[in-house]
2 protein chains.
Amino acid sequence: MTLTELRYIVAVARERHFGRAARACHVSQPTLSAAVKKLEDELGVALFERTPAEVRVTALGERVIAQAQRVLEQAATIRELARAGADELAGPLKTGLLPTVGPYLLPGLIPLLHKRAPKMPLVVEEHPTEALRHRLKDGALDAVLVSAPFVEPGVVTLPLYEEPFVLALPADHPLAHKKSLSIEALRQENLLLLGPGHCFRDQVLSVCPVCETPSGTEHSIQRTLEGSSLETIRHMVASGVGITLLPCTAAHGYSKKILAVRRFPGEQPVRRIALAWRASFPRPKAIEALRRAVLACPLECVRFLAHAVPVAA
Amino acid sequence: MTLTELRYIVAVARERHFGRAARACHVSQPTLSAAVKKLEDELGVALFERTPAEVRVTALGERVIAQAQRVLEQAATIRELARAGADELAGPLKTGLLPTVGPYLLPGLIPLLHKRAPKMPLVVEEHPTEALRHRLKDGALDAVLVSAPFVEPGVVTLPLYEEPFVLALPADHPLAHKKSLSIEALRQENLLLLGPGHCFRDQVLSVCPVCETPSGTEHSIQRTLEGSSLETIRHMVASGVGITLLPCTAAHGYSKKILAVRRFPGEQPVRRIALAWRASFPRPKAIEALRRAVLACPLECVRFLAHAVPVAA
DNA sequence: CATAAGCGATAGATAGAGCCTATCACGGCG
DNA sequence: CGCCGTGATAGGCTCTATCTATCGCTTATG
């Protein structure tokens, strides 16, 4: 039994005439006759009674043809489903990003993407790098925004922008007004840090000066704040608890009279935010739309990498 | 799109593995891969995301496969319909017969046929010959029992039995006891006749003697009883209104003290009852069952023609 | 009554679809 | 680094869906 054969018997039943039915199906009359006969043989029943005057549908044929029509309708809805879903820019895109990225990127990204791909809602999750990696691999996420390097077999990674780290400190802190600023100057400062697992924490530690201690090398005086976010740390800095390094996109929002933000001179510490997706993900246009939307985001302090080349691991 | 392809994608979705799905479908893995790809190309969408670790069903794929399952179920119903209807001895057989046959044949025929083909109810209509002819040709009836000759293009006719005409008359009628009986003796009798359109009326007239009248040749004194049946005529004969000729199967039922029934000696007038059906009717076994059931009917006064050969016009 | 026309079935030929085996490319794993 | 398992690809074969041409039957018509 084939869908073609079902189309043929429905046509014959409708036209009550093999020749007309064949024309309606755009095949020759022998083709249609043979197909009908083949189906009748396969089913072991006569669907039509051929008389010289007319083609009559048997009692059983009526039921079979009604059912065939149902099958054809259902098959047609498959095509409709496909047509409706053929647009890669339709349907939710499951996206994951770092907690140190989301709050500062999404407010600009979401409206942009909604304008460019209105039928593609962005479903967003925030997780640390390793959770993002895992959820990307097992299909829970379609795309992730992480900090480079991000190497994973079967995953394509594409850097989107470089984001300098800036120093955030209370407005009345001595370093807020010192002419020359260097990383070294942080050695004796009380540095507030995100909890372990946050890649930004590790990046901060890797650029900060270390100090000698009895137990070996240690970083400057620091307080790790478990379960906190950049936002809470910023509030704490503003309230005078200590200083911190922030991605530049996370530095704004406080009055300068309370919170001072300073760039480092010369070669600045940076992180490189990259977009990553499974190489096999079947909606490349959705990825591309997301990429372009990120590049168009109003992030004033970052350096966009519009012409970076995707790298597959 | 083919039903085979739909089967394949459903299997892949179920097994989440091309190789296992191929085994489940009893085809090689490349065959299945190619078929899935062909369907995806035709629909213009990706149904599966192939990763080294596993095969993932896309969001759209989920919907397409659910729909495909529905299509396959509906297609399976066609097979079930056909299987249930493959028995030619199942389903009603639309049968028509003469009003002068039905009341005398059916009481014996129905139980016999019900025993031999329990799943084939006999749907019965009584009509005059021409109405039967018309309804047979246009498919309203599948088989008819008529009086031969019955010639019709595309229709096969097969005589089943010969039925003598007998004389019915009041028990106190002179002819009821006369030793020698001949058709000629009816010349002056009051002959009761069915209305025009009944073939039996014509058959009776064709065997009865005619008498000369001023306006030409006419039959013996007769009364045509419009809208009547053999039954009513028989009652009228019993009540003494006149005499009549009856098919022998219609002669029984009255006490001999009231209604006398006499055969004619020698060559008897007869009618030949035949079974007729469209040559193209697709249930020959149903016709054969009906034929055998008629031949097995307890009609004591008829001569069965068990070995007659079907004749197509 | 013979001829012509209409219809579905049949015959023979051809192109394509479906299927196979063998092999490749790629990632995972010891 | 080589081996295994996966799905994709290549090459070849068979079957089938389709075509054109024709037949056989029935009906309409001169």
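Reckoned from all heavy atoms, side chains included, excluding hydrogens, waters and symmetry mates.
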Do you see a donor-acceptor pair shorter than 3.5 Å between the side chains of A/Gln203 and A/Ser147? yes
Mind listing the side-chain donor-acceptor pairs of residues 30-39 of chain B below 3.5 Å, one per line with the distance, residues two or more places apart or on another chain?
unit_1: B/Thr31; atom_1: OG1; unit_2: B/Ser28; atom_2: OG; d: 2.9
unit_1: B/Ser33; atom_1: OG; unit_2: B/Gln29; atom_2: O; d: 3.3
unit_1: B/Ser33; atom_1: OG; unit_2: B/Gln29; atom_2: NE2; d: 3.1
unit_1: B/Lys38; atom_1: NZ; unit_2: B/Glu5; atom_2: OE2; d: 2.4

Give every residue pair that meets the salt bridge (charged side-chain N to carboxylate O under 4.0 Å, His left out) criterion with at least one member in residues 9-27 of chain A, sequence neighbours excluded. A/Glu15-A/Arg20
Within residues 60-68 of chain B, the residues having a heavy atom closer than 4.0 Å to DNA chain C are none
Listed partners of B/Phe200 passing ring-ring contact (aromatic ring centres under 6.0 Å, His included), at least two apart: B/Phe165
Sorted by chain and residue number, the salt bridge (Lys or Arg N to Asp or Glu O under 4.0 Å) partners of B/Glu73 (sequence neighbours excluded) come out as none
Rounded to whole Å, the CE-C1' distance (B/Met1 to C/dA17) equals 17 Å
Test salt bridge (Lys or Arg N to Asp or Glu O under 4.0 Å) applied to A/Arg56 - qualifying residues, sequence neighbours left out: A/Glu49, A/Glu54
Could you state the atom-to-atom distance from CZ of A/Arg278 to P of C/dG27 in whole Å? 15 Å
With sequence neighbours excluded, residues passing side-chain contact (heavy atoms from CB on, under 4.5 Å) with B/Arg7: B/Leu3, B/Thr4, B/Leu72
I'd like a list of close polar pairs between nucleotides 8-13 of chain C and the protein, N/O only, cut-off under 3.5 Å.
unit_1: C/dG8; atom_1: OP1; unit_2: A/Phe18; atom_2: N; d: 2.9
unit_1: C/dG8; atom_1: OP2; unit_2: A/Phe18; atom_2: N; d: 3.4
unit_1: C/dG8; atom_1: OP2; unit_2: A/Gly19; atom_2: N; d: 3.1
unit_1: C/dA9; atom_1: OP1; unit_2: A/Arg50; atom_2: NE; d: 2.6
unit_1: C/dA9; atom_1: OP2; unit_2: A/Ser33; atom_2: OG; d: 2.8
unit_1: C/dA9; atom_1: N7; unit_2: A/Gln29; atom_2: NE2; d: 2.9
unit_1: C/dA9; atom_1: N6; unit_2: A/Gln29; atom_2: OE1; d: 3.3

Is the phosphate of C/dC20, meaning OP1 or OP2, less than 4.0 Å from a side-chain N or O of B/Ser28? yes
Side chain to side chain donor-acceptor pair (under 3.5 Å) partners of A/Glu130, counting only residues at least two apart: A/Arg133
Tell me, please, which residues at least two apart from A/Arg271 pass salt bridge (Lys or Arg N to Asp or Glu O under 4.0 Å). A/Glu163
For A/Glu42, check side chain to side chain donor-acceptor pair (under 3.5 Å) against everything at least two apart and list the hits. B/Arg79
Measuring from the side chain of B/Glu5 (C-beta onward, heavy atoms only), which nucleotide among C/dG18, D/dT20, C/dC20 has the closest atom? C/dG18
Which residues in residues 38-48 of chain B have a heavy atom closer than 4.0 Å to any atom of DNA chain C? B/Lys38
